[in-house]
Colleague: 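Please see the structure below; I have some questions.
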Amino acid sequence: MLLTQELSALVGRSFADEGFDPQLGAVRVSDRPDLAQFQCNGALVAAKAAKMNPRAVGEKIAARLKGEKIFADVSLAGPGFINLTLSDDALSARIGALGDDPRLGGWRAQSGETIVLDYGGPNVAKPLHVGHLRSAIIGECLKRLFRFVGFEVFGDIHLGDWGLPMGQLITELKREQPGLAYFDPANEGPFASASPVSLEDLERLYPKASAACKEDAARAGEARQATAELQAGRAGYRALWKHFIDISRAGIEREYADLGVTFDWWKGEADVDPLISPMVEKLRAAGVAVEDAGAVVIHVARDDDKKEYPPLILYKSDGGVMYGTTDLATIVDRVESVDPDRMLYVVDGRQRDHFEQVFRASDIAGIYPKEKLEHLWFGTMNGKDGKPFKTRAGGVLKLRDLIDMVQERAAERLKESGFADGYGKSEADDVARRIGLAALKFADLSNPRTSDYVFDLDRFIAFEGKTGPYLHYASVRVRSVLNKAEAAGAGAPGPVALTEKEERDLALILLQFGDAVKDAAEKRLPHYLCDHAFTLAQAFSKFYAACRIVDEADAARRASRLSLARAAGRQLDLVLDLLGMPAPEKM
């Protein structure tokens, strides 16, 4: 049970004993830490409902609470706010229990869920760019968080691997290397296991093909025909397509690995292609899918809509499928594969209307209920001009270039600060990689998911302020204190006994970890974890500055402070792991 839940239950009983709803006893961290540690505002609501003086209600509740040993002080403020301060013994006991808890006070859901988490969404043959960053970082953090609270999670990358770009690539490659066996319609294989193209070839061929198709209707027609033949099963095209996927996946895995991002499923649009025809036929038979201007659609508009939602197109008038078709078939596949309790999509906020269409269609069709489908949309990473981040030349920045740029700046910053002095090259490179990753990830995750934010590398990479490198420095500092204590023979951590304000403040922050986890998981907002990590790092810094630890003369006090330091370090490292940005051992 979280400390706030424990206190709410206790205060709630006092409300119930006075004839009020026990829910009015909800306790939260105080807005005025100078007055109290916790507060309850329920007396004002109770008084309004009972037509009583709120201060009189507050006095009745406070009188009951003053007899509880857990409180050092119970007082009233204003018209009836109940202020609560815990006794040092109560705080100490709970910190001792937290230190023995492998989860370090982290909230766990009462019942587990099976979740499919859709994040990443790269396209085959296209290099990952800065626009792929937020989905990957947020999705990875949520996956780790959901698993921590007890959910079973399947992370799906959802590759774009089956549409017109494949036909464009095939026809462009045919122009460059027409003699390849893949282009002989009579050749059924087998074909060479080695790819005729590299990742660099694909990155060059795709924009060239795309531009040619936009300028030349005949070229566009060839690409559409090649796409149709690929999807119909032409052997040579299927073999080429498999090469495209394998080559692209190697590059995609490399970039995501550098971000500490992994996936359980590497499924793409092609995986659900066999499901589309039977799905549409079933929906047509049920009257859910209907013909409209030659296309097959599901009408999703409602009478009470405040904006227009066009029908979800399943088949275009030429028989082609749309993103909505494969997205709906993907829901079918996920239901058949794991029958999840919930499906969550970490995708750019500019796709909100699309997902609203798909979710409504799924609900109308009886495939999967809309209330279990969530679009966890996010804002954009912008440049200092307030527009989506681009290169100085105005182009889209490759993710590889962004990662390299951040790590190079991290290496420079380490050198300037002297934090990597005496390291060998490989060790210094590893620290720079971790610091760069922390700078990039924390800058993203510390902002509310639905907000835009400005990319400012100099600010992100700083070792001061609310940054990833600052949290890494705090983690390393705690580890250094504990190592020094061991080397000095200062004894082992022991029972916690709080006597100083900075000790109490640190203890209270440690005990708020469960609330941060609960809020982040239930609201799907990782920034609650970031806020907790930063507040914890600050609290430890103040504790470290005010209280002797390794050289404390009193053995019992020294053991207590070592326990506090150990709990702070372990909890901070746990949060950093949930955020996907583990700290280096030293710096």
Colleague: Would you say Arg342's side chain and Thr114's backbone share a donor-acceptor pair under 3.5 angstrom?
Modeller: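 Not at all, since once roles are kept as given, no pair shorter than 3.5 Å links the two residues.
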
Colleague: Just by modelled atom types, is the Ala26 backbone N or O under 3.5 Å from a matching donor or acceptor in the Ser8 side chain?
Modeller: no

Colleague: Please check if the number of heavy atoms outside Gln110 that lie under 6.0 Å from its CD is greater than 12.
Modeller: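 12 or below, so no.
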
Colleague: Where does the angle between the aromatic ring planes of Trp266 and Phe263 fall among parallel (under 30°), tilted (30 to 60°) and perpendicular (over 60°)?
Modeller: perpendicular

Colleague: Which residues pass the salt bridge (charged side-chain N to carboxylate O under 4.0 Å, His left out) test with Lys425, sequence neighbours left out?
Modeller: Asp429

Colleague: Determine, step by step, whether Thr262 and Lys143 satisfy the side chain to side chain donor-acceptor pair (under 3.5 Å) criterion, reporting the C-alpha distance in whole Å, the side-chain angles of both residues, the deciding distance to 0.1 Å, and the verdict.
Modeller: CA-CA 10 Å; Thr262 62; Lys143 180 185 70 179; 2.9 Å; yes

Colleague: Are there more than 12 heavy atoms of other residues, nucleotides or ligands under 6.0 Å from atom OH of Tyr323?
Modeller: no

Colleague: Counting only heavy atoms not in Tyr544 (residues, nucleotides, ligands), do more than 12 fall under 6.0 Å from its OH?
Modeller: no

Colleague: Specify whether Phe455 and Phe460 have parallel, tilted or perpendicular ring planes, treating 30° as the upper limit for parallel and 60° as the lower limit for perpendicular.
Modeller: perpendicular

Colleague: Test Glu503 against every option in Lys542, Arg561, Arg548, Arg557 by the salt bridge (charged side-chain N to carboxylate O under 4.0 Å, His left out) rule and name the one that passes.
Modeller: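 Among the candidates, only Arg561 passes.
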
Colleague: Any side-chain donor-acceptor pair under 3.5 Å between Ser87 and Asp89?
Modeller: no

Colleague: Is the CD atom of Glu486 crowded by more than 12 outside heavy atoms at less than 6.0 Å?
Modeller: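 Not buried by this count: 12 neighbours or fewer within 6.0 Å.
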
Colleague: Using every non-hydrogen atom in the two residues, find where Val358 and Ile331 come nearest and quote the distance to one decimal.
Modeller: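 Smallest interatomic distance, heavy atoms only, reads CG1-CD1, 4.0 Å.
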
Colleague: Any idea which heavy atoms bring Asn41 and Arg28 closest together, and the distance?
Modeller: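 The answer is ND2-NH2, 3.2 Å.
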
Colleague: Please confirm whether the ring centroid of Phe534 lies under 6.0 Å from the ring centroid of Phe442.
Modeller: no

Colleague: Identify whether the distance between the nearest side-chain nitrogen and carboxylate oxygen of Glu140 and Lys441 falls below 4.0 Å.
Modeller: no

Colleague: Can you name the closest pair of heavy atoms from Ser337 and Lys267 and give their distance?
Modeller: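 Here Ser337 and Lys267 meet closest at OG-NZ, 3.5 Å.
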
Colleague: Are any side-chain N or O atoms of Ser560 and backbone N or O atoms of Ala497, one a donor and one an acceptor, separated by less than 3.5 Å?
Modeller: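 At least one qualifying donor-acceptor pair exists.
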
Colleague: Mind checking ring-ring contact (aromatic ring centres under 6.0 Å, His included) for His532 and listing every partner two or more places apart, or none if nothing turns up?
Modeller: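 Once residues adjacent in sequence are excluded, the partners of His532 under the ring-ring contact (aromatic ring centres under 6.0 Å, His included) criterion are Phe513.
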
Colleague: Can any side-chain N or O of Thr467 pair as donor or acceptor with the backbone N or O of Ala462 at less than 3.5 Å?
Modeller: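 Flag set: sc Thr467 to bb Ala462 pair under 3.5 Å.
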
Colleague: According to the interplanar angle, ranging from 0 to 90°, do the rings of Phe355 and Tyr345 count as parallel (below 30°), tilted (30 to 60°) or perpendicular (above 60°)?
Modeller: tilted

